[in-house]
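Everything below concerns the one structure shown next.
Chain identifiers are assigned alphabetically (A, B, ...) following the order of the sequence lines, protein sequences preceding nucleic acid strands; residue numbering begins at 1 within each chain. These figures come from a predicted structure and were not determined experimentally.
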Amino acid sequence: MDAAVPAGDQTIWLDASSFLSSVCNELSVGELVHGENFRLFEAMSALEIMDPKMDAGMATTGFKTFEEAIESGAAPIELTIPQLVDVFDHILACEATWQNGHALAQTVFSCLYLLNVDRTAPNALLHAFCKTTRASCSMIRTAIALADIHEQEEDFITMAYGLPVEGEGDSRCLALLNTVEEVVARQLRGCKGGLSTKKKSLEDAEPLQDDPALEEGYCHAILCRLRFRKALYHILTYMDKPQGRGLEMARKHILVALSELQNIRSSSAFLSFGQAPDSVVESKERGSTASGRVAIGFDECVNRRLLAPTPPRSISILSWEDTLAYFEKLLQDLDRICSLPMTLGLEEILQFVMDYQKLKPDLFARARLQLLLLHDGKLLGRDPLAIALVKVFNVPQSVMANDHQTQAFTTQAARVTKQLLKIMCTNTAWQRRKLGRILQDWGNLLQQSKVTRDVSIEGSQLGDEVIQTENMLTAWVAEQTCWVVRQFLMLGFQLDLYSLSEFCMVYWYLDHVLLSALHYKLAKESQTTPAIDSPDSVKKKGKKKKGSAALKQPKTPKDGKFMYSVHLLQCYSDLCKGFIWMLTALTRDRKLLHRETIFNTEQERFFQRFDLLHKLMIPAPMSYFHYKDSTSQMHISVKELYQLSYDHFMAVQQHLQELGASAAKASELSAVSRTQLALEVKQMEQVSLRNRVALQIVHQVGPGDNLRVSFEFSQHPCFPVAVVKKS
Amino acid sequence: MAETERREADGSAKEADIGRVEEEDSKTSDGAGSGRIEYVSYKDETQLPDIMALIDQELSEPYSIFTYRYFITLWPDLCFMNNEQIGAVMLAFHEGKCIGTLVCKMGQHRNTFRGYIAMLVVVKQHRGKGIATELVTRCIQVMRDAGCDEVTLEAEVTNLGALALYGNLGFIRAKRLHRYYLNGFDAYRLKLLFPRPHDANRMLLGGGYSMDPYQMHDCSKLDHDHDQVLFTKATSFSIQVQNS
Ligand SMILES: CC(C)(COP(=O)(O)OP(=O)(O)OC[C@H]1O[C@@H](n2cnc3c(N)ncnc32)[C@H](O)[C@@H]1OP(=O)(O)O)[C@@H](O)C(=O)NCCC(=O)NCCS
């Protein structure tokens, strides 16, 4: 110590042990010395050393170090072919588990072979497989770190903690893989040639194992695993090319990988043959290999000293079935990214990401999507976002060149849009929280779109264009803000945040947001001037409501472009209204019972739910009194309310037909979005139909009948189906 | 910090409230005990092993001794006097045995004064009798009386019992936290907001304005009448100005 930190001019080293121990003696049981900066967070993160529940290093089973494991023969380089297949399988299972958010050290690098790949050189098959695995994992790790759409710890751990994640010469892994693949393929051809060519094949290649009857099966098993590995590596490399230049090739390899995955799946029957039937059934559930055996050469404890200084996360490696399912889904999700047309506009891209998320893609797929969409900070790696936005705004060149406010606005809009795109790629729980946080940025953008512009620049001609620009920009921000709010509210259903007693207010607010979105969308598309909030117009139009509404109704776009989104909003809005009146009627009819709460009321819950939205100008904030006012229709009977609800569910049907037709024509949409739309039409049809049936039942019964109604999201993630039961 | 000093600190009165010893008949007096349930606040070191054993056994997350001490000991933050945190532990006893506990704190969080329930456990044999509800209710009352704006906590998405319990008390599931727990499960952040009778913001947002519901909800046409909405907004803003 003295040597490491020498005493300075003004300081000397003193022995404080006796002082410390006398101070310690002063303390009685239960007393603490409290440091200023030791708060709850520190207390919660503090570890009790040597308590196995806290101290990852204290796990008592397994080997203590890698060397100890190797010395005791836990990872022999000489493996039988069945053993080798088990190792391959378990590595795949570990990779899938890792990508699901577990520590590298406990998953992929629980493989003793991967901890020192050079050791495996004498076993060509093992060596090639390990090298390619390590190279692939490294690419995946880099991509996820670059995309930066994960929550550290919870989602994915990019930290390597001293693990050998990269190895020299891993770029040569393909060559190694090709060589061994060639050998096994030749051997397989030999087997197939049967007896006549047996001699020849024996000269050419060593059999993989001793039993000639099993040779073909094992050749197959090894070969499809090698080819899957190779295809995966290709996919990663091609998808890494900027501006989607490698996507076409990536798709080819995705096809290969999927078909090899199928081969791997069908090799299970052969590989698990001969295992005792009971144990097979059992291990199928738990085991992480096709054979159902436990693979040799894995020990998650050797790295325990490399784990993050947090309590150990419990971890179980995915089962073999789940591993195959994981990769299958991953490949399909990657294929959807590869199918993204590079010509999509911003609006369709946002639609794509939203639809893509509905398929619940895993982190790596979402990371790849984000990297494609925002490579180099540019939209699809080509246009800087500001340029892409100028295309969307359709602002006259003269204005763009001269108006500083418009330029500043565009810069700001580009920043916020980029942020939005990125957020849309994160896991949905996080996404919702982040959307809530950026709402204010959109609110600010709206203000910025309306700063007083210097309209006198270069004569009146330009002045008009500047005003028009302002209106266009405002309509654009307003529509985007509504889009974000809609996503924010609808995600709440998917994340199961709302309880039944809150449904009515959420649908009520959502409906308001949808209608605002519709309004600004039409305003923007028809390029009419939406009357927004100049105080004069508010006063004037506030008085003569109905007349002004008719006057300012924007024209419907003629060419049918964007019609699908208009129809979709209408369908959603119809459904919301159906639910608002259904829930109101059921509550009044005492078929839905809401408990009174002692500490607060519905009003506080309303405020909590929409607090963030109240800070926005558009969609205009709506209060609890508004809500109560418009839903407590005491002058309308319960039966009439049921009818009202029924009518709205009927109206959905009508709008769904229009949506189906316009969706089919929406050539500007991605295939993913079109498929999703078609699916959603079916889902909404079911929601509309089943709720009408439920409404008919409750409408017919008298007040004495004890019916209870519950809601299930069995058809659509955001719109439930009422289930009526006798109680 | 010494016990006497702790008592003198500002929050002691609030903490003492929790300290009242009260007895209450359990909702149902069947099987496990016909006796009374006694609710007390943490007294001293001797109770700590009981509490820790209870929590260790029933909750999935491991907690260090520091965490318990954090809640048990009053630790006013020396840097910011207005940022102090007050911790408290409540216990439920049945025939001299500790059968339930609640660990909580309150303090400044950004610009709200917030209560936080960190842990809640009732032993298996005594569940379903309202003991947890009683512990939480008492705790929330103290928090409300101490001037908290809201109470928060986290619960695992699969913990239907706890979610129902807090839902009944008026908590909403405000956020979802992805893989929050070490076991990989998501959590909800639950929040309970206390009514604030004089909150201009909430009262006046559209306050006193009545809207024709058919205007609002029957616009099957493409147009959405925003003028009304704007009218409301303008009203609320002008009133806000007067109030602030
Ligand atoms: C959660 C826990 C504290 C509840 O304790 P309890 O004393 O049984 O709770 P109560 O008797 O006060 O139940 C109150 C309400 O919760 C609900 N509830 C409790 N347990 C439930 C269960 N298993 N399933 C569904 N609802 C349940 C009920 O709605 C009940 O109200 P009701 O009987 O009026 O309908 C207890 O189960 C426990 O200790 N669990 C393990 C630890 C834990 O999960 N803690 C919470 C961490 S946030």
Only heavy atoms, only distances under 4.5 angstrom. Which residues in residues 153-162 of chain B are near chain A? none
A:Arg433 side chain to B:Arg176 main-chain N or O, any donor-acceptor pair under 3.5 Å? yes
With a 4.5 Å cut-off on side-chain heavy atoms, are A:Phe599 and B:Thr137 touching? yes
Which region of A:Tyr498, side chain (C-beta onward) or backbone (N, CA, C, O), has a non-hydrogen atom less than 4.5 Å from a non-hydrogen atom of chain B, or is it both or neither? backbone
Interatomic distance, CG@A:Asp611 vs CG@B:Leu193, rounded to 0.5 Å, equals 8.5 Å
When every non-hydrogen atom of B:Leu169 is compared with those of A:Thr597, the smallest separation belongs to C-CG2, 3.9 Å
Max heavy-atom pairs within cutoff under 4.5 Å with chain B, candidates A:Arg595, A:His594, A:Gln608, goes to A:Gln608
What part of A:Glu596 gets within 4.5 angstrom of chain B, counting heavy atoms only: side chain, backbone, both, or neither? backbone
Measure the spacing between NZ of B:Lys191 and CZ of A:Arg605 and express it to the nearest 0.5 Å. 15.5 Å
A:Thr428 OG1 to B:His178 NE2 distance, which is reported to the nearest 0.5 Å: 8.0 Å
Portion of B:Gln141 that has a non-hydrogen atom of chain A nearer than 4.5 angstrom: both
Region of A:Asp496 that comes under 4.5 Å of a non-hydrogen atom in chain B: both
What's the separation between atom CD1 in B:Ile172 and atom CD in A:Glu604, rounded to the nearest 0.5 Å? 11.0 Å
If we only count heavy atoms from C-beta on, is the B:Arg179 to A:His102 side-chain gap below 4.5 Å? yes
Does any heavy atom of chain A fall under 4.5 Å from the side chain of B:Leu163, the backbone, both, or neither of them? neither
